[in-house]
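For reference, the structure discussed in these notes is given below.
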Amino acid sequence: MIKYIALFFLLMPYIGHSLIKSTGTPYITNYLKSDHHAGTQNWGIASDQNGFIYFANNDGLLSFDGTHWEITEISNFSALRSICIDKKNTIYVGTSNDFGFISKPLIGEQKYVSLRHLLPPDIGDFAEIWRIFDTPFGIIFQSYSYLFILKDESIEVIKPNHKFQFAFSFNDRLFITEPGYGLYEYYKGSL
């Protein structure tokens with residue numbers, strides 16, 4: 001009996017290896033912090049129409065073209081928490097008490113452009129922008145304190161009863177939860 005158990009354990013690595021198919025298995029490359037020289041934490045990821053990949057990173061906007069890594073610092077040096085790329089290939093980002101887009105000139109480095117100046121003066125601190133959505137209603141930036149809807153270079157502000165929690169988009173519809181109040185859908189300017 002001990003011979004059979006020993007034989008089983010000796011053959012186990014070969015039996016297990018034969019069960020793994022190599023055909024159809026995607027090629028995966030793992031990158032280290034020493035490869036991209038940015039922060040250790042990424043909060044969001046998006047890809048543009050050219051196949052570039054962008055990360056909302058603790059150190060700023062981290063971009064990867066398949067070969068080279070680049071970091072774009074944000075003006076207030078806080079961690080990026082969210083990212084969204086719209087149909088026009090504009091990169092929108094959210095951070096602590098600020099949100100905006102990345103300007104990509106033909107010549108020179110890309111830069112962060114804040115949209116906070118478009119907010120009404122009575123809007124104070126709103127902490128992190130956790131999610132950004134490209135919707136038929138405009139670009140929607142979600143914090144726990146507000147929804148900011150950017151359309152035609154102006155911003156509409158929607159306040160929660162208490163505090164927003166999770167937002168998600170499905171089939172061009174935006175849903176948001178508010179603990180103790182339920183699930184809302186943003187539609188034509190209201191929840």
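Worth saying up front: this structure is predicted, and the values here are computed from it rather than measured.
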Do the side chains of [X] and [Y] join up, straight or via other hydrophobic residues, at under 4.5 Å, putting them in one cluster?
X	Y	result
Val93	Ile53	no
Ile176	Ile149	yes
Leu80	Ile83	yes
Ile158	Tyr146	no
Ile155	Phe126	yes

Write down the atom of Pro160, the atom of Ser145, and the distance for their closest heavy-atom approach. CD-O, 2.8 Å

Tightest non-hydrogen contact, residues Ala38 and Ile71, listed as CB-CD1, 3.9 Å

Test side-chain contact (heavy atoms from CB on, under 4.5 Å) applied to Leu115 and Leu150, step by step: CA-CA 9 Å; Leu115 294 172; Leu150 172 67; 3.6 Å; yes

Kindly compute the distance separating [atom1] ([X]) from [atom2] ([Y]), expressed to the nearest 0.5 Å.
X	Y	atom1	atom2	value
Ile123	Ser143	CD1	OG	9.0 Å
Asn89	Asp86	CG	CG	7.5 Å
Ser190	Glu185	OG	CD	10.0 Å

Does [atom1] in [X] sit with more than 12 non-hydrogen atoms of other residues, nucleotides or ligands closer than 6.0 Å?
X	atom1	result
His68	NE2	no
Lys159	NZ	no
Lys33	NZ	yes
Glu153	CD	no
Phe170	CZ	no

Any [X] side-chain heavy atom under 4.5 Å of [Y] side chain:
X	Y	result
Phe101	Ile91	no
Tyr112	Ile102	yes
His36	Glu70	no
Arg116	Asn97	yes
Val157	Pro120	yes
Phe148	Phe99	yes

Donor-acceptor check, side chain of [X] to backbone of [Y], threshold 3.5 angstrom: yes or no?
X	Y	value
Tyr186	Leu147	no
Glu178	Gln165	no
Thr95	Ala79	yes
Asp35	Leu32	yes
Asn57	Asn42	no
Asn50	Phe52	no
Asn171	Arg173	no

Out of the candidates Lys104, Gln110, Glu109, only one should pair with Thr72 under the side-chain hydrogen bond (donor to acceptor under 3.5 Å, both in side chains) rule; please name it. Gln110

Worked verdict on Tyr54 versus Phe64 for ring-ring contact (aromatic ring centres under 6.0 Å, His included): CA-CA 6 Å; Tyr54 298 88; Phe64 184 59; over 10 Å; no

Does the cation-pi check pass for Lys163 over Tyr144, that is, NZ or CZ under 6.0 Å from the six-membered ring centre and within 45° of its axis? yes

Is it the case that the ring center of Trp43 lies less than 6.0 angstrom away from the ring center of Phe55? no

Using salt bridge (Lys or Arg N to Asp or Glu O under 4.0 Å) as the criterion, list what pairs up with Glu73, not counting sequence neighbours. none

Side-chain donor-acceptor pairs under 3.5 Å in residues 128-141, sequence neighbours left out?
from   : atom 1 : to     : atom 2 : distance (Å)
Glu128 : OE1    : Arg81  : NE     : 3.2
Arg131 : NH1    : Ala167 : O      : 3.0
Asp134 : OD2    : Lys87  : N      : 3.3
Asp134 : OD2    : Lys87  : NZ     : 3.3
Thr135 : OG1    : Phe137 : N      : 3.1
Thr135 : OG1    : Gly138 : N      : 3.3
Thr135 : OG1    : Gly138 : O      : 2.7

Residue pairs passing the ring pair (Phe, Tyr, Trp, His ring centres under 6.0 Å) test where at least one lies in residues 150-169, sequence neighbours excluded: Phe168-Phe175

